[in-house]
Student: 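Right, I'll just put the structure down here and ask away after.
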There are 2 protein chains.
Amino acid sequence: MSRQKEVILGVLRAQRFHPTADEILLRARQRMPALALGTVYRNLKALCEEKKVRRIPMEDAPDRYDGFVEPHDHLVCTVCGKVYDVPPLQSKEALEAKLATRVDGYELKVYFTCPKCQAKN
Amino acid sequence: MSRQKEVILGVLRAQRFHPTADEILLRARQRMPALALGTVYRNLKALCEEKKVRRIPMEDAPDRYDGFVEPHDHLVCTVCGKVYDVPPLQSKEALEAKLATRVDGYELKVYFTCPKCQAKN
DNA sequence: AATGAAAGTGATAATCATTCCTATTTTATT
DNA sequence: AATAAAATAGGAATGATTATCACTTTCATT
């Protein structure tokens, strides 16, 4: 594991948040100023394949990345875009039973308006 | 509703499928050869806002569009990308109960390997 | 029928997240 | 230290989607 990869994973594990590749770059550069965005993307992809990191594909915004990979789903604020973790809302087994097929996985995003954004109206 | 918009909606309602903007353009041009891709995107966006069409955001491929808007979810083949309709697998109410929050909606995609693609191995 | 305002269009340029390319640097190995 | 292999930095390329804008179409009103 290269030093860059370690730093990137370190950023993602330092706190429970869901940054974009850009935000990861910014933070990682505090420790490694020459780090390139391409390197961030390349290592994020590798880390996802190694199941150390999870990508959260966003519909109308840059994808987010998650350094915590125990099963959980995401609650997304439609106003500010912030992402919250929630316990798993589905299970592969339940889906397989309902659909009567083998299932490879699922991607569930629940949309809501976070308390902060609600307060602003 | 402009003639272009009608044609685009017509394409989407003609059969139960989930084409990309490009595929919609191709089919619509059979009836309206001068139609522009920008016009397709513009009208798809409008139709989505009017709740006549539903966008299916894809993670690593162009988005799909769905002319049938009764509640249902999608089963996506990880190999060929084909999208199948399935009955709703969640309900806003159940999610609200589980999460103890108001919920605006959800987006669930279940991944599997379709029979055709399974057969090829 | 002529008008004028509003809405919609086609063509093309711009955007922007992500990927690709390549010369260079780092790392591991002998 | 020499060499090979792997990874990087930096920048250019890609490709889906949006924005722009001059021009047309629509349509209510005269």
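Each chain gets a letter, A, B and so on, in the order its sequence line appears, and its residues count up from 1.
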Student: Among A:R54, A:H74, A:R55, which residue meets the side-chain hydrogen bond (donor to acceptor under 3.5 Å, both in side chains) test with A:D66?
Tutor: A:H74

Student: Using a 4.0 Å heavy-atom cut-off, does A:R42 contact any base of the nucleic acid, only the sugar-phosphate backbone, or nothing at all?
Tutor: base

Student: Hey, is the main chain of A:L35 close enough, under 3.5 Å, to the side chain of A:R29 for a donor-acceptor pair?
Tutor: yes

Student: Starting at CG of A:L25 and ending at C1' of C:dT19, how long is that distance when rounded to a whole Å?
Tutor: 16 Å

Student: Between atom CD in A:E59 and atom P in C:dA17, what is the gap in whole Å?
Tutor: 17 Å

Student: Could you tell me the separation between the CG atom of B:L12 and the CD atom of B:E23, rounded to the nearest 0.5 Å?
Tutor: 10.5 Å

Student: Anything under 4.0 Å to a heavy atom of chain B counts; send over the first and last such nucleotide of DNA chain D, read 5' to 3'.
Tutor: D:dA16 to D:dT18

Student: In whole Å, I'd like the distance from the CZ atom of A:R3 to the P atom of C:dA28.
Tutor: 13 Å

Student: If you assign B:T39 and B:D60 each to the DNA chain C nucleotide with the nearest heavy atom, which residue ends up on the more 5' nucleotide?
Tutor: B:T39

Student: Regarding A:L37, tell me which of base, sugar-phosphate or nothing describes its non-hydrogen contacts under 4.0 Å with the strands shown.
Tutor: base

Student: Atom CD1 of B:I8 and atom C1' of C:dT9: how far apart are they, to the nearest Å?
Tutor: 11 Å

Student: Looking only at the side chain of B:A36 (C-beta and beyond, no hydrogens), which of the listed nucleotides C:dG10, C:dT18, C:dT19 gets closest?
Tutor: C:dG10

Student: Which comes earlier along DNA chain D counting from the 5' end, the contact point of A:K5 or that of B:R55, where each point is its nearest nucleotide?
Tutor: A:K5

Student: Would you compute the distance between atom CD of B:Q118 and atom NZ of B:K116 and round it to the nearest 0.5 angstrom?
Tutor: 13.5 Å

Student: Between C:dT9 atom P and B:K45 atom NZ, what is the distance in whole Å?
Tutor: 15 Å

Student: Whole angstrom is fine here: how far is it from CG in A:L26 over to P in C:dA17?
Tutor: 13 Å

Student: Closer than 4.0 angstrom, basic N to acidic O: yes or no for B:R16 and B:E70?
Tutor: yes

Student: State whether B:D73 and A:K98 are salt-bridged, where the test is any N-O pair (Lys NZ or Arg NE/NH1/NH2 against Asp/Glu carboxylate O) under 4.0 Å.
Tutor: no

Student: Would you find a donor on one side and an acceptor on the other, under 3.5 Å apart, between the side chain of B:R64 and the backbone of B:H18?
Tutor: yes

Student: Could you check whether B:S2 gets within reach of a base, just the sugar-phosphate, or nothing at all, counting any heavy atom under 4.0 Å?
Tutor: sugar-phosphate

Student: Let me spell it out: for each of A:G38 and A:N43, pick the nucleotide of DNA chain D with the closest heavy atom. Which residue's pick is nearer the 5' end?
Tutor: A:N43

Student: Tell me whether the side-chain N/O atoms of B:Q4 come closer than 4.0 Å to OP1 or OP2 in C:dG10.
Tutor: yes

